[in-house]
Engineer: 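Got a structure here, written out as structure tokens. Questions coming.
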Amino acid sequence: MLFAIYFVTIYNKMGSTLSGLSIYVEKIKCRMVRYMVNKVLKFINEKNMLFPEDRVIVGVSGGADSICLLNVLLAIKELIPITIYIVHVEHGIRGQESIGDANYVESLAAKYNLGFRKFAYDVQAIATQKCIGIEEMGRILRYQSFNQALEEYNCNKIAVAHNKNDNVETTLLNLFRGSGLKGLSGIPPVRDNIVRPLMCVERREIEQWLEEHQIEYRTDQTNLDDEYTRNKIRLNIIPYVQEDINKQVIAHIDNASNIICEAWEYLEYETDKVYNRCVEVDNRKTIIKIPDFIEESEIIKKNIVRKCIGNYEIGLKDITNGHVESVLALLNNCVGKSIHLPNNLQVKRNYNDIMFEIYCKKKEVLSQDSINIKIPGMYMFEGDLFEFSMEEYEKNQIIPEKTYTKWLDYDKIESDLQLRTRETGDYLEVNSFGGTKKLKSYFIDEKIEKEKRNRIPLLSDDNHVIWVVGYRISEKYKVNDHTKRVLKVQVNEGECNG
């Protein structure tokens, strides 16, 4: 192949008009065209990327990779009948140069009579507003745009132009950040409806192919600026390794990431079985149940933690193995201990679980003031409806056991009844001998999380708590054979709710 390229180059410089030699050279060029197309087509078939009648969004920036992808897919389109739509995302970073990229891609869409959709953003402003890096914000907006176009054009696939070099850069970047197995497995050729047909070729092959076929492409000058971490790897580290350690570094690291990916896929299969047993997702909270989790192997536990973090919008971006280990360390910490992970994710150790949730820095809304109770009466407190009524007690009357309806000995109440939340000095009687316990100690013994304690409604007789709503009543106020009047308290029509 190198000989053929060399031969074609010399031939073009000579400008020979020998008809026999001209035909031979054209055949060589055709074989070179077919080589790239056939290599990619084989990869597409191996990975089950594209099928007849697929409708494909192709992300085209105008750079070498995406222009190669577009041209190869146009050739493959003759073999696999697919419909192609071009999407271009203009990031608003490089001024007129960026606008020129968009105009060039739009002209290609017109040339090949393809559907075209352009999205434009001020990525830098949006990144600043959301406190996310420019590169990451650009990536998020690109895929949002691709998915929007997917719906607009009723498509089912998104094709993007990542190649072997991108995979190697990502693998090294994740390695340097302290990533786990998933990060070291690189970029998947297929993920959901996203396909990457050029993951079987290196960047040098792409640029060489475009040059030989005189296919124009645009150059993003920011790719030559080593201010960005990925560019430092691309422009400095990989060339150094190729020059001084091993020329085949791209192929070797790419192959290693593929092997790691196979191991990762098996680990994912085993992890999912445990995850389904020991993790609950409730609204925006993800909860690991410690009793089901604690006996698992260390690698499964780490993978479950990563899976829990991945439930949130930013995913595993900026999450290192150190972060995962700090979450697992909560297993050995006291209740109430919490840590903060990147992107405002908080992880907290509760009594029987580890809880993940987005941390909001807003001040907690304080509970409303206490309410003095008159009987009979109905009152709203902390979003619940309380109904108070009085009735005469008949000897040997059966008192039902319900969570949200209570019958109390009214004659033992010494002060004005109040509905409120906890205060310093609160207590309740816990046995028939008059033994008392501080409310704080009761909460601890019942393993009620600290953030819930200030929101639990209490029915109180001064500092003596008559009823911890949803939990227990004080022994002092229980109905017995000496009771004459019964105070009935129902919460949210407790006859229905228990």
Side-chain angles (χ1 to χ4, degrees), residues 57-70 85-109 115-153 155 158-163 165-167 169-170 172-174 176-177 179 183 187 191-196 198 203 217-235 310 312-319 341-345 358:
I57 294 294
V58 183
V60 182
S61 66
D65 299 344
S66 63
I67 293 298
C68 176
L69 174 64
L70 176 62
Y85 296 86
I86 294 178
V87 171
H88 178 81
V89 180
E90 204 271 289
H91 294 82
I93 295 175
R94 295 180 293 117
Q96 287 302 314
E97 185 180 337
S98 183
I99 294 172
D101 293 348
N103 292 337
Y104 173 60
V105 175
E106 186 171 7
S107 71
L108 288 179
F116 174 74
R117 179 76 159 86
K118 183 180 81 169
F119 294 85
Y121 304 97
D122 185 344
V123 173
Q124 190 160 10
I126 298 172
T128 301
Q129 180 185 4
K130 293 185 174 290
C131 299
I132 296 176
I134 293 176
E135 285 183 285
E136 178 62 16
M137 193 71 252
R139 186 191 68 81
I140 291 171
L141 291 172
R142 281 196 299 277
Y143 283 100
Q144 284 181 0
S145 302
F146 296 155
N147 280 299
Q148 183 177 331
L150 193 83
E151 293 185 10
E152 290 178 4
Y153 290 115
C155 292
I158 298 169
V160 290
H162 293 110
N163 55 57
N165 291 62
D166 293 311
N167 186 47
E169 291 162 12
T170 297
L172 290 176
L173 190 61
N174 289 337
F176 299 154
R177 284 173 171 167
S179 176
I187 305 172
R191 179 173 60 82
D192 300 327
N193 60 354
I194 300 170
V195 298
R196 299 178 169 92
L198 298 188
R203 187 171 290 125
Y217 60 89
R218 305 277 295 185
T219 299
D220 182 348
Q221 295 300 320
T222 61
N223 289 333
L224 306 177
D225 181 358
D226 65 3
E227 178 184 349
Y228 300 105
T229 304
R230 180 178 289 272
N231 286 358
K232 290 177 182 177
I233 294 173
R234 176 184 302 159
L235 302 174
Y312 297 88
E313 182 181 3
I314 199 66
L316 293 168
K317 181 74 171 64
D318 298 326
I319 298 298
L341 300 180
N343 306 306
N344 295 324
L345 186 61
I358 296 298

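Hydrogens, waters and symmetry mates play no part in the numbers below; they use all other heavy atoms, side chains included.
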Engineer: With rounding to the nearest 0.5 angstrom, report the CG to CG distance, N147 to N193.
Structural biologist: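 If I round to the nearest 0.5 Å, the distance is 6.0 Å.
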Engineer: Begin from the C-alpha positions of E135 and R230 and carry the test side-chain contact (heavy atoms from CB on, under 4.5 Å) through to its verdict.
Structural biologist: CA-CA 10 Å; E135 285 183 285; R230 180 178 289 272; 4.1 Å; yes
Engineer: Distance under 6.0 Å and angle within 45° of the ring axis: does R142 meet both against F146?
Structural biologist: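 The answer is no; the distance or angle limit is not met.
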Engineer: Please tell me if the side chains of V60 and H88 come closer than 4.5 Å, counting only heavy atoms from C-beta onward.
Structural biologist: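 Side chain of V60 against side chain of H88, heavy atoms only: no contact under 4.5 Å found.
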Engineer: Quick one: salt bridge (charged side-chain N to carboxylate O under 4.0 Å, His left out) partners of D101, sequence neighbours excluded?
Structural biologist: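 For D101, the residues satisfying salt bridge (charged side-chain N to carboxylate O under 4.0 Å, His left out) (neighbours in sequence not counted) are R94, R218.
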Engineer: Applying side-chain contact (heavy atoms from CB on, under 4.5 Å) to R234 and N165, what does each step give before you reach the verdict?
Structural biologist: CA-CA 8 Å; R234 176 184 302 159; N165 291 62; over 6 Å; no
Engineer: When rounded to the nearest 0.5 angstrom, what distance separates CG in L198 from CG in L69?
Structural biologist: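 Taking CG in L198 and CG in L69, the distance rounds to 5.0 Å.
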Engineer: Nearest 0.5 Å, please: how far is NE2 in H91 from CD1 in I134?
Structural biologist: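 Reported to 0.5 Å precision, the distance equals 10.5 Å.
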Engineer: Just how far is it from atom CD1 of I358 to atom CG of L341, taken to the nearest 0.5 Å?
Structural biologist: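 I358 atom CD1 to L341 atom CG measures 9.5 Å (nearest 0.5 Å).
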Engineer: Does the pair I67 and Y104 meet the rule for a side-chain contact (heavy atoms from CB on, under 4.5 Å), with working shown?
Structural biologist: CA-CA 11 Å; I67 293 298; Y104 173 60; 3.8 Å; yes
Engineer: Working to the nearest 0.5 angstrom, can you tell me the gap between S61 OG and Y217 OH?
Structural biologist: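 Atom-to-atom, S61:OG and Y217:OH are 12.0 Å apart.
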Engineer: Show me the side-chain donor-acceptor pairs of residues 120-127 shorter than 3.5 Å, one per line, residues at least two apart or across chains.
Structural biologist:
from : atom 1 : to   : atom 2 : distance (Å)
Y121 : OH     : S145 : OG     : 2.7
D122 : OD1    : A125 : N      : 3.2

Engineer: Where do N174 and G183 come nearest, in terms of heavy atoms and distance?
Structural biologist: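 For N174 and G183, the tightest heavy-atom pair comes out as ND2-O, 2.9 Å.
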Engineer: Less than 4.0 angstrom from a charged side-chain N to a carboxylate O is my criterion; do E152 and R117 meet it?
Structural biologist: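 Yes, this pair counts.
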Engineer: Can any side-chain N or O of N167 pair as donor or acceptor with the backbone N or O of I187 at less than 3.5 Å?
Structural biologist: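 Such a contact is found between N167 side chain and I187 backbone.
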Engineer: Using the rule side-chain contact (heavy atoms from CB on, under 4.5 Å), only one of R203, H162, K232 pairs with E169; which is it?
Structural biologist: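 So the option named by the test is R203.
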Engineer: Just do the side-chain contact (heavy atoms from CB on, under 4.5 Å) check on Q144 and F119 with the steps written out, would you?
Structural biologist: CA-CA 10 Å; Q144 284 181 0; F119 294 85; over 6 Å; no
Engineer: Does some side-chain heavy atom of L345 sit less than 4.5 Å from a side-chain heavy atom of I319?
Structural biologist: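 With C-beta onward as the side chain, the pair stays apart.
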